[in-house]
Trainee: 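Please see the structure below; I have some questions.
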Amino acid sequence: MKDISKITWIIMISSFLLLTIMIGTTTKLVQKYTYKDAIAVEINSEQIEAGIQLEKESKSADHFTSYKSYPTTSIEAIDESIHKWVKTNENEFLDRMNNLEEEENNLTARYHLDTEVNKLSDDLYSIKLQSEETIDESDEKISVKTFLINVENEELIDLQDIFDNEKFSEKERFLLMAEQLEDEIDYDTWKPALEDINDLEVYIDSNKFIFYFTDDNLIANDDNVLEVPVATAQLADYLTANYYDLFITDEMESEIEQAKIEEQEAKEEEIAGHKYIALTFDDGPMPGSTNRILETLDQYDAKATFFMLGNNVQANPDLAKKVADNGHEIANHSITHADLNKVSAEQVRKEMIDSKKLIENITGKTPTLFRPPYGSKNDAVHEIANETEQSIALWSIDTYDWQHLNPNATFEKVKANVKPGSIILMHDIHQESADALPRVMEFLDEEGYEFVTMTELLPYIEGEGIGPYYGN
Ligand code: NI
C-alpha cells in the first residue's frame, strides 16, 4: 500500500513537471516578434583602428527597425564579453516588444546601438556602446556599456586596476559625483550605483572621464541617461601609479599643483577672517544636563557636536532626537563606552556599527564621526571606521570636566588653551559641565570665537598639527 502511493506521487509530480515544460515551450512559440521577421538586412564592416573592426548591421521588419554597430578585435576574450553584452541588450529590446499587452498594428519600434572608440595609447582603447530602444514615443530606454581593452595583452581592464580602490573609496566616488553635479544628491539613491567600482560605466576621452548612469540605477530620471564628465586632472589622486603616468600629462600636473596652492590660500584666507572652534559633548544624552546644555547653546545660536553612547540614546530616544532636531551634529561614541583596545575584534565591530545604526534609527541622522572611548584605537578600529565611512575624531583640548567636576576648572582649562581650530572636549552627562558652559561660551563669544560643528571645522584644521584631533 505504501509503495503504491509513492509511485502515484511520482507520476503526479512528473506529469505536472512535463505540463509546466510544455506550457513554457508553447509560450515561447507564440512570440510575436523575432529577428527572423526582418525583410531587409544590411551588413558591413569597417576598420577603425589597427586591430579594431566596426561591424554594422541594419534590419527592418514590419513593426521594427534595428541598427547596431559594435567593435570586433579578433581577440577572443575581449570579443566574447562585448558581443555577449550586445546580444543580451538586443534581445531585451525584443522581449520588451513581445511583452506588450496587446498587439499593436501600427507599432514601429526602433533599436539603435552606436559605438565610440577612443585610442588612449598604442595598446589601450576605451569603448562605449550606447543603445536606444524606442517601443513607442513614451517608452524609451537607453543603455550604456563601456569597456577598456588592452590589445597587446589581449585583456579587458577592470576599473579597479586603474583606480586605487582605497583612495577612490565609495565615499570619495559619491563626493566626486556630488561636486560635479553641483547639487545635493542623495547618498542612499546613489549607493547601489557606486558601491562596486567595477560596475561603474566610464568612457575615457582625451582629457576627461565620462561616467554614465542609466535608468537601471534610478539616478538618470527623465533623461534616461546621466552623463557626468570629470576632468582627468581631477582624478589624479585616485589613479594607480601605472595609469597615473599614462593619463596625467606634465601640463595637467602643473595645473593640479597650481590648484592645490590656490585651495590652500583660499583656506588660509577663510580661517584668517574667522576664529572657528568646535564644542563637543560626550557620553550623553542625559536628561537634565543635556537639556541645560541645549538651552545654553541656543542662547548663542551655536551648533555643537554630540558624541552619543548607543545605550544612552536607547534609554533617552526623545532627548537624542531633540539634540538632532536642534541642528547639532550627531556623532558616534560606541554602545557601552568600552575601551576598544581591551575587547575582542568582534566586540569592536558591535560597538562601532550597532551604535551607528541605533543612533541613525532614533535621531534620523547618520553619524560620520566616531570618537573611540578614552581615545583608544587600534587597527581594527581604523579598519571598521573605513569600512563604515566613519572618520575617527578626537579632540585638542581636554577639559577633564568628568574628573574634577568643577565648573571653574573647566572654564580655566578652556581659557588657557583655546585657539582658532580648537576642539573642546566636555561631557553632557554631568551637571557641573552644564554649569560651566554659560561662562565658557560667554568668554569665547567675547573673544570673537565662532561655534561650528566638528565636521564643519575639520576642513580648516586638517594638517595643522594642533593635537590628536582627527586620526585616520
Ligand atoms: Ni567618553
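Being a predicted model, the structure only gives us computed values, none of them experimental.
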Trainee: For this output row, return yes or no: ring centroids of F163 and Y238 closer than 6.0 angstrom.
Mentor: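 Distance test on ring centres: not under 6.0 Å, no.
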Trainee: Would you say that Q180 contacts F211 through its side chain, given a criterion of any heavy-atom pair below 4.5 Å between the two side chains?
Mentor: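 A side-chain contact under 4.5 Å is absent here.
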Trainee: Quick one about T73 and D79 (side-chain donor to acceptor, distance below 3.5 Å, no hydrogens or angles considered), yes or no?
Mentor: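 Judged by distance alone, the side chains do pair up.
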Trainee: Look at the side chain of T305 and the backbone N and O of M454, then say whether any donor-acceptor pair between them is shorter than 3.5 Å.
Mentor: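 At least one qualifying donor-acceptor pair exists.
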Trainee: Drop me the distance from I157's CD1 to F147's CZ, to the nearest 0.5 angstrom.
Mentor: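 Reported to 0.5 Å precision, the distance equals 13.0 Å.
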Trainee: Distance check, rounded to the nearest 0.5 Å: I335 atom CD1 versus Q347 atom CD?
Mentor: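 CD of Q347 is found 9.0 Å from CD1 of I335.
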Trainee: Could you state the interatomic distance from CG (D122) to CD (E49), rounded to the nearest 0.5 Å?
Mentor: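 Answer for the CG-CD pair, D122 versus E49, is 10.5 Å.
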Trainee: Does a salt bridge link K141 with E132, judged by any charged N lying under 4.0 Å from a carboxylate O?
Mentor: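 Salt bridge flag = no for E132 with K141.
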Trainee: Can you see whether T336 engages N311 through a side-chain donor-acceptor pair at a distance of less than 3.5 angstrom?
Mentor: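 No, because no side-chain N or O of T336 sits under 3.5 Å from a partner of the opposite role on N311.
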Trainee: Is there a donor-acceptor pair closer than 3.5 Å between any side-chain N or O of T115 and the backbone N or O of S69?
Mentor: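 Yes, T115 side chain to S69 backbone: donor-acceptor pair under 3.5 Å.
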Trainee: Would you check, one step at a time, whether the test side chain to side chain contact (heavy atoms under 4.5 Å, CB included) holds for F281 with L279?
Mentor: CA-CA 7 Å; F281 298 94; L279 296 173; 4.0 Å; yes
Trainee: Determine the minimum heavy-atom distance between T134 and F93, stating which atoms define it.
Mentor: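 Heavy-atom minimum between the residues: O-CE1, 4.3 Å.
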Trainee: A quick test of your reading: do over 12 heavy atoms of other residues, nucleotides or ligands sit less than 6.0 Å from CG of N44?
Mentor: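 Atom CG in N44 is crowded, with more than 12 foreign heavy atoms closer than 6.0 Å.
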Trainee: Verify the distance criterion only: is there a donor paired with an acceptor across the side chains of S169 and E172 at less than 3.5 Å?
Mentor: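 There is no such pair (donor and acceptor under 3.5 Å, judged by atom type) between the side chains of S169 and E172.
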Trainee: To the nearest 0.5 Å, how far apart are CE in M308 and CD in Q314?
Mentor: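 So the CE of M308 and the CD of Q314 are separated by 13.5 Å.
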Trainee: Taking all heavy atoms of D428 and all of P285, pick out the closest pair and write down the distance.
Mentor: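 Smallest interatomic distance, heavy atoms only, reads OD2-CA, 4.0 Å.
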Trainee: Taking all atoms of both residues into account, what is the closest heavy-atom pair of A50 and Y125, and its distance?
Mentor: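 Smallest heavy-atom distance, with atoms named: O-OH, 3.8 Å.
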Trainee: Is the backbone of D301 close enough, under 3.5 Å, to the side chain of D298 for a donor and an acceptor to pair up by distance?
Mentor: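 Side chain of D298 to backbone of D301, a donor-acceptor pair under 3.5 Å: no, none is there.
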Trainee: What closest approach, in Å, do S334 and N332 show between heavy atoms, and which atom pair accounts for it?
Mentor: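 What the structure gives for the nearest pair is N-OD1, 3.0 Å.
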Trainee: Please determine whether side chain to side chain contact (heavy atoms under 4.5 Å, CB included) holds for the pair Q390 and L369, giving the CA-CA distance in whole Å, both sets of side-chain angles, and the decisive distance to 0.1 Å.
Mentor: CA-CA 5 Å; Q390 304 184 78; L369 300 178; over 6 Å; no
Trainee: Checking S126 against N118 for the side chain to side chain donor-acceptor pair (under 3.5 Å) test, could you report, in this order, the C-alpha distance in whole Å, the side-chain angles of both residues, the deciding distance, and whether it holds?
Mentor: CA-CA 5 Å; S126 178; N118 187 34; 6.0 Å; no
Trainee: Quick check, are the ring centers of Y70 and W85 under 6.0 angstrom apart?
Mentor: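 That pair fails the under 6.0 Å test.
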Trainee: Could you check whether E170 pairs with K191 (Lys NZ or Arg NE/NH1/NH2 to Asp/Glu carboxylate O, under 4.0 Å)?
Mentor: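 K191 and E170: salt-bridged.
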Trainee: Carefully, step by step, assess E46 and K56 under the rule salt bridge (charged side-chain N to carboxylate O under 4.0 Å, His left out).
Mentor: CA-CA 8 Å; E46 177 195 348; K56 297 176 186 174; 2.8 Å; yes
Trainee: Quick one: closest heavy-atom pair of G284 and N312, and the distance?
Mentor: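 For G284 versus N312, the nearest heavy atoms are O-CB, 3.4 Å.
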Trainee: Can you tell me if E329 uses its side chain to pair, donor with acceptor, with the backbone of T455 under 3.5 Å?
Mentor: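 Side chain of E329 to backbone of T455: a pair is present.
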Trainee: What I'd like to find out is whether the side chain of L129 reaches to under 4.5 Å of the side chain of T146, using heavy atoms alone.
Mentor: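 A side-chain contact under 4.5 Å is absent here.
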Trainee: With side chains defined as the heavy atoms from C-beta onward, is the minimum distance between M97 and I135 less than 4.5 Å?
Mentor: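 Yes; the side chains approach each other to less than 4.5 Å.
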Trainee: Does any non-hydrogen side-chain atom of T240 lie less than 4.5 Å from one of D161?
Mentor: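 No, their side chains stay 4.5 Å or more apart.
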Trainee: Regarding D114 and Y67, is there a side-chain donor-to-acceptor distance under 3.5 Å anywhere?
Mentor: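 On atom types as modelled, these side chains do not qualify, holding no pair under 3.5 Å.
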Trainee: Is H83 reaching over with its side chain to a backbone N or O of P71, donor-acceptor style, under 3.5 angstrom?
Mentor: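 Flag set: sc H83 to bb P71 pair under 3.5 Å.
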Trainee: Checking Y187 against I185 for the side chain to side chain contact (heavy atoms under 4.5 Å, CB included) test, could you report, in this order, the C-alpha distance in whole Å, the side-chain angles of both residues, the deciding distance, and whether it holds?
Mentor: CA-CA 6 Å; Y187 182 67; I185 62 174; over 6 Å; no
Trainee: For E195, is there an ion pair with R173 - N to carboxylate O distance below 4.0 angstrom?
Mentor: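 Judged by the 4.0 Å cut-off on N to carboxylate O distance, R173 and E195 do not form a salt bridge.
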Trainee: When you check the gap from the basic side-chain N to the acidic O, do K365 and E360 get nearer than 4.0 Å?
Mentor: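 No, no charged N to carboxylate O under 4.0 Å.
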Trainee: Distance-only, no hydrogens or angles: does the D164 side chain make a donor-acceptor pair with backbone N or O of K167 under 3.5 Å?
Mentor: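 Checking the backbone N and O of K167 against the side chain of D164, a donor-acceptor pair under 3.5 Å is found.
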Trainee: Around Q47, counting heavy atoms of other residues, nucleotides and ligands shown, do more than 12 lie under 6.0 Å from its CD?
Mentor: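 Atom CD in Q47 is packed in, count exceeds 12.
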Trainee: Before you tell me yes or no, could you show the steps for Q160 and N198 under side chain to side chain donor-acceptor pair (under 3.5 Å), namely the whole-Å CA-CA distance, both residues' side-chain angles and the distance that decides it to 0.1 Å?
Mentor: CA-CA 6 Å; Q160 65 179 17; N198 290 320; 3.2 Å; yes
Trainee: Between D282 and R371, is there a side-chain N and carboxylate O pair less than 4.0 Å apart?
Mentor: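 Between R371 and D282 there is a salt bridge, with a charged N closer than 4.0 Å to a carboxylate O.
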Trainee: Taking the ring of Y203 and the ring of F209, is the distance between their centroids below 6.0 Å?
Mentor: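 Ring centres of Y203 and F209 not closer than 6.0 Å.
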Trainee: Look up atom CD in E152 and atom CG in L124, then write down how far apart they are to the nearest 0.5 Å.
Mentor: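 Reported value, rounded in 0.5 Å steps: 11.5 Å.
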Trainee: Under 3.5 Å, is there a donor-acceptor pair between the side chain of E456 and the main chain of T453?
Mentor: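 It does hold such a pair.
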Trainee: Around atom NZ of K87, are there more than 12 heavy atoms from other residues, nucleotides or ligands closer than 6.0 Å?
Mentor: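 Counting other residues, nucleotides and ligands, NZ of K87 stays at 12 neighbours or fewer.
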Trainee: Between R96 and E133, is there a side-chain N and carboxylate O pair less than 4.0 Å apart?
Mentor: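 Judged by the 4.0 Å cut-off on N to carboxylate O distance, R96 and E133 do form a salt bridge.
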Trainee: E253 and T249: side chain to side chain contact (heavy atoms under 4.5 Å, CB included), yes or no, with the steps?
Mentor: CA-CA 6 Å; E253 216 160 38; T249 61; over 6 Å; no
Trainee: Rounded at 0.5 Å granularity, tell me how far CG in N207 sits from CD in E251.
Mentor: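 Separation between the atoms: 10.0 Å.
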Trainee: Could you go through N341 and N378, starting from their C-alpha distance and side-chain angles, then the distance that decides it, and tell me whether this counts as side chain to side chain donor-acceptor pair (under 3.5 Å)?
Mentor: CA-CA 7 Å; N341 273 336; N378 52 32; 3.1 Å; yes
Trainee: Could you tell me whether E90 and K59 make a salt bridge, using a distance below 4.0 angstrom between a side-chain N and a carboxylate O?
Mentor: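 A salt bridge links E90 with K59.
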Trainee: Heavy-atom count around Q258 CD within 6.0 Å, excluding the residue itself: above 12?
Mentor: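 Yes, the 6.0 Å shell around CD holds more than 12 heavy atoms from other groups.
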Trainee: Between R349 and E387, is the salt bridge (charged side-chain N to carboxylate O under 4.0 Å, His left out) condition met? List the steps.
Mentor: CA-CA 11 Å; R349 292 193 83 81; E387 192 184 302; 2.5 Å; yes
Trainee: So which heavy atom on H337 is nearest to which on E351, and how close?
Mentor: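 Nearest heavy atoms, H337 then E351: N-OE1, 4.2 Å.
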Trainee: Could you tell me whether K260 and E262 make a salt bridge, using a distance below 4.0 angstrom between a side-chain N and a carboxylate O?
Mentor: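 Looking at K260 and E262, the cut-off is not met.
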Trainee: Determine, step by step, whether D205 and K208 satisfy the salt bridge (charged side-chain N to carboxylate O under 4.0 Å, His left out) criterion, reporting the C-alpha distance in whole Å, the side-chain angles of both residues, the deciding distance to 0.1 Å, and the verdict.
Mentor: CA-CA 5 Å; D205 217 337; K208 59 181 182 288; 3.7 Å; yes
Trainee: Can you check whether S74's main-chain N or O pairs, donor with acceptor, with T72's side chain at less than 3.5 Å?
Mentor: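 Side chain of T72 to backbone of S74, a donor-acceptor pair under 3.5 Å: no, none is there.
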